Protein chains: 2
Amino acid sequence: MDTRELRYFVAVAEELHFGRAAERLGMAQPPLSRAIKQLERRLGVSLFERNRRGVALTGAGEVLLYEGRAALDATDAAVRRTQRAGGVDAPSSRLVLAVKAAGSHELLQRLLAAYAAVPGAAEIEVLLCGFCDQEGLLRDGRADAALMHTPFNSLAGFDSEELTTEGQIAILPARHPLAARESLTVADVGDVPDLPLARWPSYGVYPPGPGPEIRDQTQLAQLIALGRTLAVMPDSARAWLWSEHAAIPLTDAPQVGTHIAWPAHSRSLALAGLIRTATELRRRG
Amino acid sequence: MDTRELRYFVAVAEELHFGRAAERLGMAQPPLSRAIKQLERRLGVSLFERNRRGVALTGAGEVLLYEGRAALDATDAAVRRTQRAGGVDAPSSRLVLAVKAAGSHELLQRLLAAYAAVPGAAEIEVLLCGFCDQEGLLRDGRADAALMHTPFNSLAGFDSEELTTEGQIAILPARHPLAARESLTVADVGDVPDLPLARWPSYGVYPPGPGPEIRDQTQLAQLIALGRTLAVMPDSARAWLWSEHAAIPLTDAPQVGTHIAWPAHSRSLALAGLIRTATELRRRG
DNA sequence: CGCTGTGATACCCGGCAGGTATCGTCAAAG
DNA sequence: CTTTGACGATACCTGCCGGGTATCACAGCG
């Protein structure tokens, strides 16, 4: 199978509309229809149900959408890593580390400082991403390593090392009655009538609910300060609290683990050095 | 990048010879040369050093060989799983389980029996492989799950669950002096002058050494019975010993773990059932 | 009935993948 | 030093196929 056909298929499977998919691909609709039909013939499997008024994925189509995305990611990763290895920037002398913006800031500081001191250290490019999925960045080669947080990120398919664990806090408007408490439980914050939990997009769409829609951390901080919402965050979020915020420990929230993760079987020497530095950081506390 | 170009590249990178690679690909040499050059131009990276008398991989070429194989595996897996999902055999009602021939036989028996009793169980096709790499089978979709053995197999990149651990034994000719011992150490068996350790192929080639070259378990068993070699095996290998063999426990050999492994993020319901059955097997002992 | 939105079909064209023939170059043989 | 063989690169041709435009078939809707 050809990556071209696979990209076409993914586009159609995502749009569920040949016309829009063709537009997205920058081509006309007829050749796209033909390419999909040819792909189905070559695989010997029907991928779409062409009903009147639109298309739907078959079971085989769902499998191909899932597996195909992984294959395309792997192909993109191969291209990116090859270009980086042969580019003008000396071979593998540059690592891209994906971190969630404002997450584990202090740990990141220490990691960068410790790694910079390693003789022969590669240059580290920090890829700050808001709510973008770090898993995808690792899979398609845009990043070489990522600081990820369980239980929010899945570490499946990557190698990883746990660096720290921490408790969680509720971040409230300082003037809210609950802010006076010594500690809270998940049940306490889950159902505060005047402070609905903020919603942030997962996979591009916002889950339904009463809370405000959040796009970045600053927005969230401001909404909390305004007394419109509350947030549950790892302990290290204290680093960016405002004076109008109150941080109250959650006694029964799950521990948040910070891990450094990288593509399984990675063979980059520079990456190995970064990981070693990270794990040594952990041992020292 | 196109899978076609990638397959061409991998062929040349493996053969390090345009003519042989072209032959393997069933095409003439000139278009292959051109395709590689075009790939290099498209990536903006030099992949081969064309010296006089042959070609060699550049650093970028090594990266692409490694990453490209993974990408091709992922593509093949997408094709295979899609075809299986849409084939005549009802969707995902069939699972392929890769096991090392004669390894963990008793565990496999129990697993198959237990899973067959699960209501709605899928059909299990057992893919017995000699010394073929199970990692590859999982990666390119020829298998859905595998029973793998640490520390021999790497579980990197897969999800896995440990099922059992066991010690290791030395298998000797029954009439050999060492066969009378109660127990042995790795040092004892590592350097027996008249019983050199057998060599089996890793990645298609035999490592150098004095021992006989082995292709399958029967051959090994016979060579031991003939007093030509000895072998170190997990405890469960006792299942296939001959009367002319002696099994002596190794006190200081690393524990061998048997794991069931599957592609990370697998979403097959049938596979989930198999894994659940396997882990329950473990809990019951 | 006509209009609209959608995917499928018909047909054409240009580019590119693949073939053959040949060259350039280097190394080993004599 | 010359010859010869091995190997990759180049030149050039050809047929296929990917992509375009125009149009059809059909279903829902007013």
Side-chain angles (χ1 to χ4, degrees), chain A residues 1-62 64-65 68 71-72 75 79 86, chain B residues 1-62 64-65 68 71-72 75 79 86:
Chain A
M1 188 174 46
D2 193 348
T3 53
R4 183 186 55 90
E5 299 174 287
L6 198 47
R7 285 184 211 282
Y8 290 1
F9 167 78
V10 171
V12 177
E14 284 177 355
E15 298 284 347
L16 290 179
H17 189 290
F18 280 77
R20 279 195 300 275
E23 190 180 1
R24 208 175 92 183
L25 293 166
M27 65 187 292
Q29 169 260 318
L32 179 59
S33 282
R34 200 180 48 188
I36 297 292
K37 184 170 295 183
Q38 180 175 329
L39 176 62
E40 288 179 308
R41 200 178 60 241
R42 277 222 275 259
L43 293 179
V45 157
S46 166
L47 298 170
F48 292 104
E49 304 260 2
R50 277 86 157 174
N51 301 340
R52 44 185 167 284
R53 226 71 183 166
V55 290
L57 278 171
T58 63
E62 303 226 15
L64 186 58
L65 177 57
L72 288 178
T75 308
V79 171
Chain B
M1 190 175 43
D2 193 350
T3 53
R4 183 185 56 91
E5 298 175 288
L6 198 47
R7 283 183 212 283
Y8 290 1
F9 167 77
V10 170
V12 176
E14 284 176 355
E15 299 284 347
L16 289 178
H17 189 291
F18 280 77
R20 280 196 300 274
E23 190 181 1
R24 208 175 90 181
L25 293 165
M27 65 188 292
Q29 170 258 320
L32 178 59
S33 282
R34 201 181 46 190
I36 297 293
K37 183 169 295 185
Q38 180 175 331
L39 176 62
E40 288 179 310
R41 202 177 56 240
R42 277 222 275 260
L43 293 179
V45 158
S46 166
L47 298 170
F48 292 104
E49 304 260 3
R50 277 85 156 174
N51 301 342
R52 40 187 168 284
R53 227 68 184 167
V55 289
L57 279 171
T58 64
E62 303 225 17
L64 185 59
L65 177 57
L72 288 178
T75 309
V79 171

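All chains are named by letter (A, B, ...) in the order of the sequence lines, taking the proteins before the strands, and each is independently numbered beginning at 1. What you see is a predicted model, and the numbers here were worked out from it, not measured in a lab.
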>> Under a 3.5 Å threshold, yes or no: a donor from one side chain and an acceptor from the other, between B:Ser33 and B:Gln29?
In response: yes
>> In whole Å, I'd like the distance from the CZ atom of A:Arg4 to the C1' atom of C:dC16.
In response: 12 Å
> Of the nucleotides D:dG8, D:dG18, C:dT20, which has the atom closest to the B:Pro30 side chain?
Replying inline: C:dT20
> Atom CG of A:Leu32 and atom C1' of C:dA8: how far apart are they, to the nearest Å?
Replying inline: 12 Å
>> The side chain of A:Ala28 is closest to which nucleotide in this list: C:dG19, D:dG8, D:dT21?
In response: D:dT21
>> Is it the case that D:dG19 (base atoms only) and A:Arg34 (side chain only) share a donor and an acceptor within less than 3.5 Å, ignoring hydrogens and angles?
In response: yes
> Can the ring centroids of A:Tyr8 and A:Phe18 be said to lie less than 6.0 angstrom from one another?
Replying inline: no
> Rounded to the nearest Å, what distance is computed from the CD1 atom of residue B:Ile36 to the P atom of nucleotide D:dC7?
Replying inline: 17 Å
> Taking atom C1' of C:dT6 as reference, at what distance in whole Å does atom CD of A:Glu23 sit?
Replying inline: 14 Å
> To the nearest Å, how far apart are B:Met27 CE and D:dT14 C1'?
Replying inline: 16 Å
> Which nucleotide, D:dA9, C:dG18, C:dG7, lies nearest any side-chain atom of A:Val55?
Replying inline: C:dG7
> Can you tell me how far P of C:dT9 sits from CD of A:Gln29, to the nearest Å?
Replying inline: 11 Å
> Per the side chain to side chain contact (heavy atoms under 4.5 Å, CB included) rule, which among A:Glu15, A:Glu49, A:His17, A:Arg50 passes with A:Val55?
Replying inline: A:Arg50
> Any side-chain N or O of A:His17 less than 4.0 Å from the OP1 or OP2 oxygen of C:dG7?
Replying inline: yes
> Closest to the A:Lys37 side chain: C:dT9, C:dG18, D:dG19?
Replying inline: C:dT9
>> From CG of B:Leu25 over to P of C:dA17, roughly how many Å is that when rounded to an integer?
In response: 15 Å
> For A:Asp2 and C:dA17, what is the distance between atoms CG and C1' respectively, to the nearest whole Å?
Replying inline: 12 Å
> Which is true for B:Gln38 with a 4.0 Å heavy-atom rule: it touches a base, it touches only sugar-phosphate, or it touches nothing?
Replying inline: sugar-phosphate
>> Which is more 5' along DNA chain D, the nucleotide nearest A:Arg42 or the one nearest B:Leu16? Just name the residue.
In response: B:Leu16
>> Name the residue from B:Leu16, B:Val10, B:Val12 that meets the side chain to side chain contact (heavy atoms under 4.5 Å, CB included) definition with B:Glu14.
In response: B:Val10
> So which nucleotide from C:dG7, D:dG8, D:dT21 ends up closest to the side chain of A:Ser33?
Replying inline: C:dG7
> Contact class for B:Phe48 vs. all strands (heavy atom < 4.0 Å): base, sugar-phosphate, or nothing?
Replying inline: nothing
> Taking 4.0 angstrom as the limit, do B:Glu5 and B:Arg41 come out as a salt bridge?
Replying inline: no
